[in-house]
There are 2 protein chains.
Amino acid sequence: MLTSNQNNHPKVPEVVVLRLPLYVRELTDMLQSDKNVVSSQQLGERLQMTPAQIRKDLSYFGKFGKQGRGYPISFLVNQLRSVLGLEKEWNCCIIGVGKLGKAVISYTGFNPEGFNIRAAFDDDISLIGQTVGGLYVQPITELEKTIRDKDISIGIVTVPAPNAQKVIDRMVASGLKSILNYAPVGLHIPPGVHIRHVDPLLSLQSMTYYLK
Amino acid sequence: MLTSNQNNHPKVPEVVVLRLPLYVRELTDMLQSDKNVVSSQQLGERLQMTPAQIRKDLSYFGKFGKQGRGYPISFLVNQLRSVLGLEKEWNCCIIGVGKLGKAVISYTGFNPEGFNIRAAFDDDISLIGQTVGGLYVQPITELEKTIRDKDISIGIVTVPAPNAQKVIDRMVASGLKSILNYAPVGLHIPPGVHIRHVDPLLSLQSMTYYLK
DNA sequence: ATTGTTTTGATTACTGGTTAACAAAATCAA
DNA sequence: TTGATTTTGTTAACCAGTAATCAAAACAAT
């Protein structure tokens with residue numbers, strides 16, 4: 001028997017999961033067009049990938065298309081949103097209310113997509129108690145309780161690099177399983193916890209290889 | 001004969017290039033320790049990867065270690081910085097001086113690493129001529145001339161999603177070969193041009209898959 | 001010097017993700 | 001209705017990146 005997830009589909013490679021939001025974004029964009037069906041061929045052209053890969057990826061989660069016709073756009077986007085868990089709202093907290101943290105708090109791209117920052121933490125006495133972007137800055141000691149009370153499941157890390165590991169250990173200890181990290185450091189997280197890194201400097205540094 | 005790059009090493013996979021900055025960062029960190037040699041084993045523990053992979057990656061670019069001893073840290077970091085082209089300074093321009101663009105301009109992480117934003121562009125009449133973070137905002141019509149005059153080789157895109165493709169086409173037409181994109185859209189770029197995407201929303205959306 | 005230990009760099013084997021291929025289903029055109 | 005065309009979902013072939021293996025080199029200890 002094959003290794004399966006709880007939905008009886010064969011185990012989904014992580015790369016595939018990483019591509020799902022790309023599909024959702026592109027399909028959502030297509031909703032505004034007059035077409036209501038799209039083929040893997042057409043979608044592949046828009047996303048610059050092979051139709052085979054798209055069909056393969058989608059097939060991990062179900063049969064969403066019809067031969068000779070393609071995929072109904074709005075149906076497919078709904079299915080994928082459901083697979084990703086994007087129908088519900090997700091509560092997030094942010095740790096680190098310095099310049100970067102403030103910028104992330106005031107970023108308008110999260111809320112409309114169902115990601116809401118509900119709590120902010122810092123260890124700087126002069127910041128605690130202040131209000132930043134409508135959020136009351138709390139001491140980190142209140143992390144665990146707040147995560148429980150406000151049903152927070154995602155942590156956003158915007159502390160300086162040297163503090164990041166300590167903060168993440170604390171988040172993990174408090175039960176968070178998903179972390180979005182803006183600190184430019186390598187981090188150790190236990191299995192079962194997921195992390196994504198936002199690090200534009202690393203991106204630049206890998207491109208200069210091709211510029212030399 | 002194997003496919004080779006201009007240095008007579010076999011063609012380097014892109015994933016390897018993406019890991020090089022990670023090595024540089026970790027090794028730079030180690031410079032402050034008392035040790036001056038590191039084994040692939042030790043480095044692998046810190047970076048959570050197998051020693052074999054590290055040795056393989058490094059071997060694309062030369063023989064930096066000694067059997068029974070390991071890699072001299074400062075030598076290795078210099079070699080890798082050289083491979084990545086990080087010894088020289090890189091001039092960047094940014095297009096889009098809205099909220100996000102301003103945040104990127106005032107981000108202090110780029111300059112110390114040799115990436116300098118030398119010019120800013122926008123198409124908003126009310127912004128042109130203003131000074132933002134020490135940069136005089138220019139109309140996009142001056143893009144090509146400025147890239148030439150200021151020896152700019154990297155473009156940073158912080159315009160709203162619907163404008164991104166148009167702006168990138170213009171950058172590419174002006175000769176830029178490296179683009180750091182903050183706009184949340186799929187983009188088409190010609191071969192030979194490199195792009196990296198900064199998109200925290202996509203990161204969040206791929207993590208919720210594991211939270212459901 | 002000799003023996004044992006560490007560790008590289010290269011080769012080989014393996015694993016997993018990508019692409020191709022194709023039968024079956026749906027649609028379209030006469 | 002028949003035949004041509006489109007396009008899916010699945011299986012099989014392929015390819016690329018990862019990991020293991022191992023001889024050769026460097027060092028350490030006696």
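Order of the sequence lines fixes the chain letters, A, B, ..., with proteins taken first and strands second; residue numbering starts at 1 for each chain. Values below: every heavy atom of this structure, side chains too, minus hydrogens, waters and symmetry copies.
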Nearest to side-chain heavy atoms of [X], which nucleotide of [options]:
| X | options | answer |
| --- | --- | --- |
| R55(B) | dA19(D), dA10(C), dG9(D) | dA10(C) |
| R19(A) | dA24(C), dG17(D), dT18(C) | dT18(C) |
| Q53(B) | dT18(D), dT8(C), dG17(C) | dT18(D) |
| S39(A) | dT7(D), dG9(D), dT8(C) | dT7(D) |
| A52(A) | dA20(C), dG17(C), dG9(D) | dA20(C) |

Angle class for the Y209(A)/F61(B) ring planes (parallel below 30°, perpendicular above 60°, tilted otherwise)?
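The rings of Y209(A) and F61(B) stand perpendicular, inter-plane angle above 60°.
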At under 4.0 Å, does any side-chain N or O of [X] touch on OP1 or OP2 of [N]?
| X | N | value |
| --- | --- | --- |
| T50(A) | dT19(C) | yes |
| Y71(B) | dG9(C) | yes |
| K63(B) | dA10(C) | yes |

Backbone N/O of L211(A) and side chain of T208(A): donor-acceptor pair under 3.5 Å:
no
Atom [atom1] of [X] to atom [atom2] of [N]: distance rounded to whole Å?
| X | N | atom1 | atom2 | value |
| --- | --- | --- | --- | --- |
| Q79(B) | dT8(C) | CD | C1' | 16 Å |
| L18(B) | dG17(D) | CG | C1' | 13 Å |
| K66(A) | dA25(C) | NZ | C1' | 10 Å |
| Q48(B) | dA19(D) | CD | P | 13 Å |
| Q41(A) | dT6(D) | CD | P | 11 Å |
| L58(A) | dT10(D) | CG | C1' | 14 Å |
| M49(A) | dA20(C) | CE | P | 13 Å |
| E14(B) | dA16(D) | CD | C1' | 13 Å |

Would the number of heavy atoms belonging to other residues, nucleotides or ligands and lying under 6.0 Å from NZ of K145(B) be above 12?
no
What is the nucleic acid contact for R69(A), judged by heavy atoms within less than 4.0 Å: base, sugar-phosphate only, or nothing?
sugar-phosphate
Need to verify one output field. Residue with the more 5' nearest nucleotide on DNA chain C, V15(A) or G68(A)?
V15(A)
Of K56(A) and Q67(A), the one whose closest DNA chain D nucleotide lies more 5':
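Counting from the 5' end, the first nearest nucleotide belongs to Q67(A).
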Going by the salt bridge (Lys or Arg N to Asp or Glu O under 4.0 Å) test, which pairs reach into residues 13-24 of chain B, not counting sequence neighbours?
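Matches after skipping sequence neighbours: E14(B)-R196(B), R19(B)-D57(B).
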Knowing that exactly one of Q53(B), K56(B), R55(B) qualifies, which makes a side-chain hydrogen bond (donor to acceptor under 3.5 Å, both in side chains) with S40(B)?
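It is R55(B), the one option of Q53(B), K56(B), R55(B) that forms the side-chain hydrogen bond (donor to acceptor under 3.5 Å, both in side chains) with S40(B).
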